[in-house]
2 protein chains.
Amino acid sequence: MGSAERKERQRAELREQILRVARDMVMKEGFGALSMRKLADAVEYAPATLYLHFENRDAIARELCVRGFQELLAVLEPAAACEEPVERLSRLADAYVTFGLKQPETYRLVFMEDPKLSADLFQDKQEGAGPKSFAVLVRAFESLKAQGLTLDATTPVRLAEVFWAGLHGIVSLKLTCSGFQGAPAEALTQTLVASMVHGTKPAKAARRTR
Amino acid sequence: MGSAERKERQRAELREQILRVARDMVMKEGFGALSMRKLADAVEYAPATLYLHFENRDAIARELCVRGFQELLAVLEPAAACEEPVERLSRLADAYVTFGLKQPETYRLVFMEDPKLSADLFQDKQEGAGPKSFAVLVRAFESLKAQGLTLDATTPVRLAEVFWAGLHGIVSLKLTCSGFQGAPAEALTQTLVASMVHGTKPAKAARRTR
DNA sequence: GCAATAAATGAACGGTGTTCACAGAACGGT
DNA sequence: ACCGTTCTGTGAACACCGTTCATTTATTGC
């Protein structure tokens, strides 16, 4: 009688295998080079079979997006554990940028490809990796604000949005317009951190800027 | 015999027409929807004819890129004329972001599509719109630094790079992850400006943050 | 073993960028 | 006015692409 469950399991397993192979292809050659036919070839099924498990190519991309974002969240979380607020922000920034540069194609897929793919990522305020990651940043700025290290008139949420934009800008310009910024990404990152930490004693953050 | 020149002129004119139509198609439906066949249809030639004027599709894209960047430079230049440094930075930021949001597909093509397309844009330090635009930002930060309104240990070039990254982050996140940032782009922009203007009296910039 | 259900597929449709042998027009020289 | 060259333009083909659907194959419950 357990055969129904077994079939279910096999189904899920194939689905998973498809996603694994798709992920590999994306990481190696980018999302643009992910074709249903090559993917089918790689998992040794006919192309049409993929459509028994995914509505279409975009559905696969969406799934890879949420997983990619989960990976990002996973590298942010250790950095978020740091107590000292400025240091925490700095580590979060480093973790974010490092992730983007180490996994350029994943980063592209999640943040730079198609609005249709990224749209869902920021819904589901409780569970999704998007809101969770963002919340980590907001908390960092709340800690900074508590120590009077942020712009007075600006909320932590707003600061987090701008900070994220800065990080995303650094990563995505490196990925797309590599010849643009002269400075290495870590230097830019720390300048960004220093820029967003206002107030009495930015000495520590400023020193890392050089 | 002026006929050689006339042919040259006709050739250039057709090339121009192809680019005009291509630009329209990109602005309306995005670069992804620009197909050589549809383009050939629109200019009423056979697809193969396009290859007499452009090496391939990417060559057309590259040309559109440099023109798109020229348009951006054209909206930055008026803002750069402002005397007061903080106000100048603020206007530059607004101009940049407004351009990106008003011409999303052009912006995507220039800054978010393919490194191969954007690579050239930042070479040619004298003539290119890329370096020229960047220089405008650097000058703005030089003015700020002269008034002691920037991070001490950081060069104007570095600050300009980070600032550009911030602007690019704001625009590109709006374009790709629309549901992400709650605040409108202008608000984010002004917070970014306020963040990068350090020193004695950021009151003016800070007020615009709200 | 048989009927029913699920999984997998081959072939097709309409689309893409690109190439190339070929046709046609325009030209310069005689 | 003719001819050979040179440039412009094209139709047909190649090799891909995502997606659909009727059909076949395998698996299940009885």
Side-chain angles (χ1 to χ4, degrees), chain A residues 1-19 21-26 28-65 105 109 113-114 116-117, chain B residues 1-19 21-26 28-65 105 108-109 113-117:
Chain A
M1 251 331 116
S3 73
E5 304 155 23
R6 190 201 50 189
K7 272 179 70 171
E8 180 79 17
R9 217 179 333 118
Q10 282 179 342
R11 217 186 125 78
E13 200 174 310
L14 175 51
R15 199 188 132 95
E16 209 57 37
Q17 194 204 342
I18 293 171
L19 284 170
V21 174
R23 197 187 98 110
D24 287 354
M25 293 177 64
V26 166
K28 238 180 280 177
E29 318 175 67
F31 174 62
L34 173 68
S35 98
M36 297 298 271
R37 295 173 127 102
K38 286 195 301 184
L39 179 53
D41 250 25
V43 294
E44 300 183 287
Y45 280 91
T49 303
L50 300 180
Y51 292 85
L52 300 179
H53 297 266
F54 298 93
E55 192 197 337
N56 52 30
R57 184 172 173 262
D58 277 5
I60 297 177
R62 273 195 301 274
E63 185 78 43
L64 293 179
C65 268
E105 297 301 346
L109 176 60
E113 209 67 48
D114 193 324
K116 285 184 313 213
L117 305 180
Chain B
M1 280 316 120
S3 73
E5 305 155 22
R6 190 202 51 190
K7 272 179 70 171
E8 179 79 15
R9 217 180 332 118
Q10 281 179 345
R11 217 185 124 77
E13 200 174 310
L14 175 52
R15 200 188 131 94
E16 210 56 38
Q17 193 203 342
I18 293 172
L19 284 170
V21 174
R23 197 187 98 109
D24 287 353
M25 292 175 66
V26 167
K28 237 181 281 177
E29 318 174 68
F31 174 61
L34 173 68
S35 98
M36 297 300 270
R37 295 173 127 100
K38 286 194 298 183
L39 180 52
D41 251 26
V43 295
E44 299 184 288
Y45 280 92
T49 303
L50 300 181
Y51 291 86
L52 300 178
H53 298 267
F54 298 93
E55 194 196 337
N56 52 31
R57 190 175 104 111
D58 277 5
I60 297 178
R62 273 196 301 273
E63 184 79 41
L64 293 180
C65 269
E105 297 301 347
R108 276 196 98 88
L109 176 60
E113 209 67 46
D114 192 324
K116 286 183 312 210
L117 306 180

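Scope of the values below: all heavy atoms of this structure, side chains included, with no hydrogens, waters or symmetry mates. Here is how names work: the chains are called A, B, and so on, in the same order as the sequence lines, proteins then strands, and each is numbered from 1.
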Protein-nucleotide distance (A:D41, atom CG; D:dA15, atom P), rounded to Å: 16 Å

Proximity to the side chain of A:R57 - top-ranked nucleotide from D:dC21, D:dG18, D:dG11: D:dG18

Distance in angstrom units between A:Y51 OH and C:dA12 C1', rounded: 14 Å

Spacing between A:L52 atom CG and C:dT5 atom P, to the nearest angstrom: 18 Å

C:dT30 - base-pair partner by Watson-Crick or wobble geometry, distances under 3.5 Å: D:dA1

Test item: A:K38 side-chain N/O and A:A33 main-chain N/O as donor-acceptor pair under 3.5 Å: yes

Separation of atom CD in B:E13 from atom P in D:dT8, rounded to whole Å: 14 Å

Sugar-phosphate, base or nothing in reach of A:R37, heavy atoms under 4.0 Å: base

For atom OH of B:Y45 and atom P of C:dA23, their distance in whole Å: 21 Å

pair A:L109-A:D114: side-chain heavy atoms closer than 4.5 Å: no

d(CD, B:E8; P, C:dC27) in whole Å: 14 Å

Enclosure of A:E44 CD (heavy-atom neighbours >12, cutoff 6.0 Å): no

Rounded distance [0.5 Å steps], CZ in B:R9 versus CG in B:L14: 14.0 Å

Residue A:E13 excluded, over 12 heavy atoms near CD under 6.0 Å: no

Separation of D:dT19 P from A:N56 CG (nearest whole Å): 5 Å

A:T49 side-chain proximity, nearest of C:dA8, D:dT10, D:dG18: C:dA8

B:S35 vs C:dG17: side-chain N/O to OP1/OP2 distance below 4.0 Å: yes

Sugar-phosphate, base or nothing in reach of B:L34, heavy atoms under 4.0 Å: sugar-phosphate

Listed nucleotide nearest any side-chain atom of A:R11, set C:dT16, C:dA7, C:dT18: C:dA7

Length of the CG-C1' vector between A:L14 and C:dA8, whole Å: 11 Å

